[in-house]
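The sequence lines fix the lettering, A, B, ..., with proteins before strands; numbering per chain opens at 1.
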Amino acid sequence: MGIGIAVGAYGLSFGAAAITAGLSTVQACALSLLLFTGASQFALVGVLGAGGSAVAAVAGALLLGTRNTLYAVRLSSLVPVRGPRRVVAAQLTIDESTAIATAAPDGLAATGFWVTGISVYVLWNLATLLGALGAARLGDPGVLGLDAAVPAAFLALLAPQVRDRQRLAVAVAGALVALLAVPLTPAGVPVLLAGLAVVPLLVRR
Amino acid sequence: MIWAAVLAASLGCFLLKLLGWSVPASWLERERLQRAAVLLPVPLLAGLVVVQAFAGDRELVVDARAAGLGVGVVLVLLRAPFLLVVVAAAATAALLRAAG
């Protein structure tokens with residue numbers, strides 16, 4: 001239930017953000033149907049909206065999407081799937097379905113994964129459509145402050161991930177790198193450079 | 001251009017998901033790989049926050065978006081729900097612009 005409200009709100013914001021960034025309603029819906037991983041979708045439209053190249057936008061979306069690979073590795077030991085259903089399971093591999101499946105009691109992981117994944121998929125796509133249609137009706141996004149909603153949405157996504165000092169330091173470093181890079185590099189690149197903030201942590205053991 | 005980005009990102013992110021379902025579970029034991037994948041969203045999202053709030057055309061600008069982000073920071077620290085954070089940030093920027 002709590003997840004449902006959060007996903008609905010997030011999907012509405014995504015639909016509106018996509019329109020604000022200059023995508024059509026069909027393109028916004030295509031992203032939710034095909035890409036179906038919230039942070040990557042937001043990143044893609046954020047970079048495109050800022051005038052970034054398609055390559056930079058896709059690169060940002062892919063980097064954010066790498067955590068789903070890790071989720072899938074973990075899920076594959078909990079949720080038995082074979083054959084073509086693996087394709088469906090892959091598409092439903094997201095933060096929410098992984099969280100429920102890994103937190104579920106023994107024997108309920110697979111049910112938790114499928115129910116959560118399918119519910120979130122349906123809700124996310126409906127909310128995207130509503131958000132996009134709503135924003136498309138509204139005209140100038142600046143008047144309603146929709147452009148200011150996008151950084152706030154990223155902040156709200158980031159906050160639960162900053163659980164300790166190390167992560168706080170990585171977040172601050174990423175933000176500083178991105179700010180320094182804005183005047184020096186084309187739109188979209190500052191965000192990719194921010195990702196380099198994890199490198200020192202990987203080198204030091 | 002937009003369609004190309006939409007389809008390329010969709011295909012790429014799907015393959016990243018499928019990859020995880022197709023490799024042996026021993027991949028999880030590669031500690032550095034795991035740490036990188038877990039940590040990477042943190043600086044990327046932080047970068048997106050500041051770029052979306054302060055980036056102009058190859059310059060940094062402080063405008064109504066920054067005020068909206070400030071309100072968002074306060075609400076996040078108060079553990080407000082997602083929708084409230086987003087709507088309050090938008091409303092702050094909209095009110096500032098309306099006030100001129």
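- Taking both residues in full, the closest heavy atoms of B/Val49 and A/Leu155 are given as CG2-N, 3.4 Å, listed atom of the first, atom of the second, then distance.
- Between B/Lys17 and A/Ala90, the shortest heavy-atom distance links the atoms CD-O, 2.9 Å.
- Heavy atoms closer than 4.5 Å to chain B are found in both the backbone and the side chain of A/Leu157.
- In this structure, the portions of A/Ala153 lying under 4.5 Å from any heavy atom of chain B include both its backbone and its side chain.
- In this structure, the portions of A/Val87 lying under 4.5 Å from any heavy atom of chain B include both its backbone and its side chain.
- Of all the heavy atoms in A/Leu35 and B/Ala9, the pair that sits closest is CD1-CB, 3.6 Å.
- In this structure, CG in B/Leu45 is found 11.0 Å from CZ in A/Phe42, a value given to the nearest 0.5 Å.
- Contact count versus chain A (heavy atoms, under 4.5 Å) is highest, among B/Ala4, B/Gly68, B/Cys13, for B/Cys13.
- For the set B/Gly72, B/Ala93, B/Ser10, B/Ala8, the count of heavy-atom pairs under 4.5 angstrom toward chain A peaks at B/Ser10.
- The heavy-atom pair separating A/Gly145 from B/Arg97 by the smallest distance is CA-NH1, 3.9 Å.
- No other option in B/Arg65, B/Arg79, B/Gln52 has as many heavy-atom pairs under 4.5 Å with chain A as B/Gln52.
- With a 4.5 Å cut-off on non-hydrogen atoms, B/Pro81 does not touch chain A at all.
- Looking at B/Val87, neither its backbone nor its side chain comes within 4.5 Å of chain A, counting heavy atoms on both sides.
- Of the residues considered (B/Val85, B/Leu7, B/Leu11, B/Leu18), B/Leu18 shows the highest number of contacts with chain A, using heavy-atom pairs under 4.5 Å.
- Between chain B and the options A/Leu146, A/Leu75, A/Val55, A/Thr37, heavy-atom pairs under 4.5 Å are most frequent for A/Leu75.
- Here the closest non-hydrogen pair linking B/Val86 and A/Ala152 is CA-CB, 4.2 Å.
- In this structure, the portion of A/Ser13 lying under 4.5 Å from any heavy atom of chain B is its side chain and not its backbone.
- Interface residue A/Ser40: only side-chain heavy atoms are found under 4.5 Å from chain B.
- Counting heavy-atom pairs closer than 4.5 Å to chain B, the top residue among A/Thr185, A/Leu193, A/Leu12 is A/Thr185.
- Note: A/Tyr71 OH to B/Leu16 CG = 13.0 Å, rounded to the nearest 0.5 Å.
- In terms of non-hydrogen atom pairs under 4.5 Å with chain A, the most contact-rich of B/Ala80, B/Ala46, B/Gly47, B/Pro43 is B/Pro43.
- Interface residue A/Ile94: only side-chain heavy atoms are found under 4.5 Å from chain B.
- Contacts between A/Val81 and chain B at a heavy-atom distance below 4.5 Å involve the side chain alone, from C-beta outward.
- Options A/Ala159, A/Ala89, A/Ser53 differ in how many heavy-atom pairs under 4.5 Å they form with chain B, and the most are formed by A/Ala89.
- With contacts defined as side-chain heavy-atom distances shorter than 4.5 Å, the pair A/Pro183/B/Glu59 does not qualify.
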Pair A/Val26-B/Trp3, side chain to side chain contact (heavy atoms under 4.5 Å, CB included): steps then yes or no:
CA-CA 10 Å; A/Val26 178; B/Trp3 271 118; 3.9 Å; yes

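- Residue contact with chain A, scored on non-hydrogen atoms closer than 4.5 Å, is absent for B/Thr92.
- For chain B, the option among A/Gly49, A/Gly22, A/Ala50, A/Ala149 with the highest count of heavy-atom pairs below 4.5 Å is A/Ala149.
- Looking at A/Pro160, there are no atoms closer than 4.5 Å to chain B (heavy atoms on both sides), in backbone or side chain.
- The minimum heavy-atom distance linking A/Leu63 with B/Leu44 is given by the pair CB-CD1, 3.6 Å.
- Here the straight-line distance linking atom OG1 of A/Thr69 with atom CH2 of B/Trp21 works out to 12.5 Å at 0.5 Å rounding.
- For chain B, the option among A/Leu92, A/Leu44, A/Leu48 with the highest count of heavy-atom pairs below 4.5 Å is A/Leu44.
- Of the atoms belonging to A/Leu64, heavy atoms from both backbone and side chain fall under 4.5 Å from chain B.
- To the nearest 0.5 Å, the span separating OG1 on A/Thr66 from CG on B/Leu40 amounts to 5.0 Å.
- Looking only at side-chain heavy atoms (C-beta outward), A/Val182 and B/Arg58 stay at 4.5 Å or farther from each other.
- With respect to chain A, the highest number of heavy-atom pairs below 4.5 Å among B/Val6, B/Leu83, B/Leu95, B/Val71 belongs to B/Val6.
- Residue A/Ala173 does not touch chain B at all, counting heavy-atom pairs closer than 4.5 Å.
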